[in-house]
Undergrad: 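Input: one structure, supplied below.
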Amino acid sequence: MPCQPWTRGLLTDLPIVATRIKHVGKEGNELDEHEAGVIDDAERTLEYHDSEFDDLVRKLRTIPTKRIAEATGYNERTVRRLKRGEFNPSPERLRTLRDLIGDL
């Protein structure tokens, strides 16, 4: 539980639930260019995307929100967040979403 004004004693950490993973890496073969000032750190940063999840989100955007909500049990607000790629569904609901897309 979060702390309250009357909370006393040793505090413990609240659990954290990862809703999205973002992989970021650097390219080692551009070190010479970086040291020479040809490129800066921003140009060396790479993002690795989960293309399967991105493809799923792109396909879900073509399906009415209400239909996805009925199929998954998510409320419509959660479905809109899912369509924006803001969170990953549970494995069970992911299977339901894949089945829904496959039925189209």
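Hydrogens, waters and symmetry mates play no part in the numbers below; they use all other heavy atoms, side chains included. Numbering of residues begins at 1 and proceeds along the displayed sequence.
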Undergrad: Does a side-chain heavy-atom distance below 4.5 Å link L100 with T72?
TA: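 No; the side chains remain at least 4.5 Å from each other.
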Undergrad: Please identify each residue that fulfils side chain to side chain donor-acceptor pair (under 3.5 Å) with R95, with sequence neighbours left out.
TA: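 Side chain to side chain donor-acceptor pair (under 3.5 Å) check on R95 returns nothing, list empty.
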Undergrad: Looking at V57 and R84, what are the two nearest heavy atoms and their distance?
TA: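 Looking at all heavy atoms of both residues, the closest pair is CG1-C, 4.5 Å.
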Undergrad: Roughly how far, to the nearest 0.5 Å, is CG of L60 from CZ of R67?
TA: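 One gets 11.5 Å once the value is rounded to the nearest 0.5 Å.
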Undergrad: According to the ring-ring contact (aromatic ring centres under 6.0 Å, His included) rule, which pairs have a member within residues 55-76, sequence neighbours left out?
TA: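 Listed once each, the pairs are Y74-F87.
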Undergrad: Under the 3.5 angstrom rule, does the side chain of T96 hit a backbone N or O of E92 as a donor-acceptor pair?
TA: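 Side chain of T96 to backbone of E92, a donor-acceptor pair under 3.5 Å: yes, one is there.
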Undergrad: Name all residues meeting the salt bridge (Lys or Arg N to Asp or Glu O under 4.0 Å) criterion together with R61; count only those two or more places apart in sequence or in a different chain, and write none if there are none.
TA: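 R61 satisfies salt bridge (Lys or Arg N to Asp or Glu O under 4.0 Å) with no residue once adjacent residues are dropped.
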Undergrad: Which side-chain N or O atoms in residues 1-13 pair as donor and acceptor under 3.5 Å with protein atoms at least two apart or in another chain?
TA:
| residue | atom | partner | partner atom | Å |
| --- | --- | --- | --- | --- |
| T7 | OG1 | Q4 | N | 2.6 |
| T7 | OG1 | Q4 | O | 3.0 |
| R8 | NH1 | P5 | O | 3.3 |

Undergrad: Of all residues at least two apart in sequence or in a different chain, which pass the side-chain contact (heavy atoms from CB on, under 4.5 Å) check with E76?
TA: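 side-chain contact (heavy atoms from CB on, under 4.5 Å) check on E76 returns T65, K66, A69, R80.
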Undergrad: Taking only residues two or more places apart in sequence or in another chain, which ones pass side chain to side chain donor-acceptor pair (under 3.5 Å) with T78?
TA: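 Applying side chain to side chain donor-acceptor pair (under 3.5 Å) to T78 gives N75.
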Undergrad: For the residue pair P89 and F53, what are the closest heavy atoms and their distance?
TA: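 P89 and F53 have their closest heavy atoms at CD-CE1, 3.9 Å.
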Undergrad: How long is the straight-line distance from CG of L56 back to NZ of K59, given to the nearest 0.5 Å?
TA: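 Going from NZ on K59 over to CG on L56, the span is 8.0 Å.
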